[in-house]
Amino acid sequence: MALPAVDLLADRGFALTLAGRAWAKDLFAAYPWSVVSLPSSRIDRLRALRDINAKTGLLLTNSFGTALEFRLAGISAVGYARDGRSWLLRKAIKVDDGDHMVEYYYRLSSALAGTSPEIPRDLRLRISELARQRAHDLLARQGVNAKYVVLCPVAVGFHRGKLKAWDGFTRLGSELLAAGRHVVAMPGPNETAVVRNALPGVTVLPESDVATFAAVLAGAQLVVANDSGPGHLAAAVGARLISVFGVTEPEKTRPWSTSTTLIGSSDGWPRYEEVVTAVNAALRI
């Protein structure tokens, strides 16, 4: 959801280095930006940040710890005034808790760039040709050579004590298979057993890197997902998406895409029939 914010800086001529988790290097492989994977140990992270040799940084994180690390690495940072860290920042931006997360990140980027054009209505994550080829090969090895539907049943963790995963995926997968649809799932790290249990009979692809997953999602006829990383990744690559909400706030975390149909709300999960009606309508288009 930070992609428009990063694109804005690139469009304004900033030479970008992205620093974050290891999967970021694969995710942004189609971009010309440098990507640095930050180690788990603080001492090693500081070394990695110093090696970037940057004078200015944009902190998309909210924690005191990341602001402290930027300061110790000699990087003058712009970030939100959260977690008592304002004194560590070159510029502390006042928080607006009514923002959608895309808007939240975009305001930060605009503060650094000194301009605030209209936010794009859709994300457009580039996918490398290598990732597309890996996705094609994975699907072909599993015999998936036609239009397919991707189901993403996993949503890690709880929100306000409530499970973030919709409980209708097992039934939906069975009904789609019975209707003759090719149904695919692609687990994240260490999720294969959970996904197989949730989606019996569905083609479960081997775990792979996030860029290959993005290419699988981009090639789908339809994706059905919780409010989760896979759902946002599907939106980012322009996939037709049914996004199922039940406990989290769509006004803040809905997928940022005009190709998404949102079902449910923070007040409770939708009826199963509502989701099925949306899925059938999307597959008829």
- Any sub-3.5 Å donor-acceptor pair from T253's side-chain atoms to P250's backbone N or O? no
- Query: Taking the inter-plane angle between the rings of W256 and H100 on a 0 to 90° scale, is it parallel (under 30°), tilted (30 to 60°) or perpendicular (over 60°)?
  - Reply: tilted
- Might you confirm whether atom CD of E118 has over 12 heavy atoms from other residues, nucleotides or ligands at distances under 6.0 Å? no
- Item | side-chain contact (heavy atoms from CB on, under 4.5 Å) partner of L217, chosen from V184, V223, I127 | V223
- Query: Would you say R21 has more than 12 foreign heavy atoms packed within less than 6.0 Å of its CZ?
  - Reply: no
- Task: Please confirm whether the backbone N or O of S40 pairs with a side-chain atom of R45, one donor and one acceptor, at under 3.5 Å?
- Result: yes
- Message: Between R71 (side chain only) and W87 (backbone N and O only), is there a donor and an acceptor less than 3.5 Å apart?
- Response: yes
- Message: Other members of the hydrophobic cluster containing L130, with the 4.5 Å side-chain heavy-atom rule, please.
- Response: none
- Angle class for the Y272/W166 ring planes (parallel below 30°, perpendicular above 60°, tilted otherwise)? parallel
- Query: Do NZ/NE/NH1/NH2 and the carboxylate oxygens of R134 and D137 come within less than 4.0 Å?
  - Reply: no
- If we only count heavy atoms from C-beta on, is the Y106 to D99 side-chain gap below 4.5 Å? no
- Query: Would you say N226's side chain and S243's backbone share a donor-acceptor pair under 3.5 angstrom?
  - Reply: no
- Item | Sidechain-backbone polar pair: Y80 side chain, Y104 backbone, donor-acceptor under 3.5 Å | yes
- Salt-bridge criterion met for E103 and R107 (N-O under 4.0 Å): no
